[in-house]
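See below for the structure under consideration.
These numbers were taken from a predicted model, which means no experiment stands behind them. Only heavy atoms go into these numbers, but all of them, side chains included; no hydrogens, no water, no symmetry mates.
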Amino acid sequence: GESVGLHLPTLSVQEGDNSIINCAYSNSASDYFIWYKQESGKGPQFIIDIRSNMDKRQGQRVTVLLNKTVKHLSLQIAATQPGDSAVYFCADRFSGGYNKLIFGAGTRLAVHP
Amino acid sequence: DTEVTQTPKHLVMGMTNKKSLKCEQHMGHRAMYWYKQKAKKPPELMFVYSYEKLSINESVPSRFSPECPNSSLLNLHLHALQPEDSALYLCASTPDSGDQPQHFGDGTRLSIL
């Protein structure tokens, strides 16, 4: 991911709506991508991952899309719930090496009732 | 509840103190990681241990000294820290160094007076 800027972007959604969180990465050699959720006072929690030989992967209420052409990753959350409110980070890993992850700047998701 | 346990949860120390952060996992994971996270920023990798050997040191100042006494335990020894070292210190683990998501603890909130 790209860690840019001093402000944490915020996405505000209504409960029940779908959310889309976007992330750009810079290294075309990255081969593995992860989305994490971090709630206040907690460590990052794994949501979903995808390898570079795929362009879409679905989990429970979440879908990750990977566009290697433009080096873009997105996380879609269906039927967003108040418990989804958190900061979301994408992370990418350089091919080879010791699973060194580079985290993006993060996006705060605020879910309103 | 996280399967990676970090202690203490909070630590306040003076610049001349020596203290240690502890991380423990009993998942049989053989790779362990230390990250530093400043407020409203993504985690930044500090050290990686693979099979109890230090494999990555991201040019971390020598006032931070990691130690991996066994496959379940990771320590971070602190000495002569600076106020700018105040941050959340996160530990993570993976089964090995392959394509796997890192499992994070909830961190130690460190404040340097």
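- Listed by first and then second residue, the salt bridge (charged side-chain N to carboxylate O under 4.0 Å, His left out) pairs involving residues 59-79 of chain A are Arg61(A)-Asp84(A) (not counting sequence neighbours).
- For the pair Pro101(B) and Ile34(A), the tightest heavy-atom approach, listed with the atom from each and the gap, is CA-CD1, 3.7 Å.
- In terms of hydrophobic clustering, with Ile, Leu, Val, Met, Phe, Trp and Tyr side chains grouped at heavy-atom distances under 4.5 Å, Leu90(B) and Ile56(B) are assigned to a common cluster.
- Under the 4.5 Å side-chain heavy-atom criterion for grouping Ile, Leu, Val, Met, Phe, Trp and Tyr, Val13(A) is connected to Leu75(A) within one hydrophobic cluster.
- Checking side-chain atoms of Tyr33(B) against main-chain N and O of Lys100(A) turns up no donor-acceptor pair under 3.5 Å.
- For chain B, no part of Gln45(A) is nearby; none of its heavy atoms comes within less than 4.5 Å.
- Sorted by first and then second residue, the ring-ring contact (aromatic ring centres under 6.0 Å, His included) pairs involving residues 48-80 of chain B (not counting sequence neighbours) are Phe64(B)-Tyr89(B).
- Residue Asp106(B) comes nearest to Gly43(A) through the heavy atom pair OD1-N, 2.9 Å, listed as atom of the first residue, atom of the second, then distance.
- Under the 4.5 Å side-chain contact rule for hydrophobic residues, Ile20(A) and Leu8(A) do not share a cluster.
- Shortest non-hydrogen contact noted between Gly104(A) and Pro42(B) is O-CB, 3.1 Å.
- Remark: Glu44(B) CD to Ile102(A) CD1 distance equals 9.0 Å, nearest 0.5 Å.
- Dense packing is recorded around CD of Glu84(B), with more than 12 heavy atoms of other residues, nucleotides or ligands lying under 6.0 Å away.
- Listed by sequence position, Phe46(A), Asp49(A), Arg51(A) are the residues of residues 46-57 of chain A in contact with chain B, using a 4.5 angstrom heavy-atom cutoff.
- The stretch residues 9-29 of chain B places none of its residues near chain A, where near means some heavy atom under 4.5 Å from a heavy atom of that chain.
- Interface remark: Glu58(B) contributes side-chain atoms only to the contact with chain A (heavy atom separation under 4.5 Å).
- Tracing side-chain contacts under 4.5 Å through hydrophobic residues (I, L, V, M, F, W, Y), one never reaches Leu65(A) starting from Tyr25(A); they form parts of separate clusters.
- Nearest approach of Gln100(B) to Tyr32(A), heavy atoms of both residues: C-OH, 3.2 Å.
- Both Leu110(B) and Trp34(B) sit in one connected hydrophobic cluster of ILVMFWY residues. Membership requires side-chain heavy atoms under 4.5 Å apart, directly or through other members.
- Atom CZ of Phe104(B) is separated from atom CD of Gln38(A) by 8.5 Å, given to the nearest 0.5 angstrom.
- Looking only at side-chain heavy atoms (C-beta outward), Phe103(A) and Gln37(B) stay at 4.5 Å or farther from each other.
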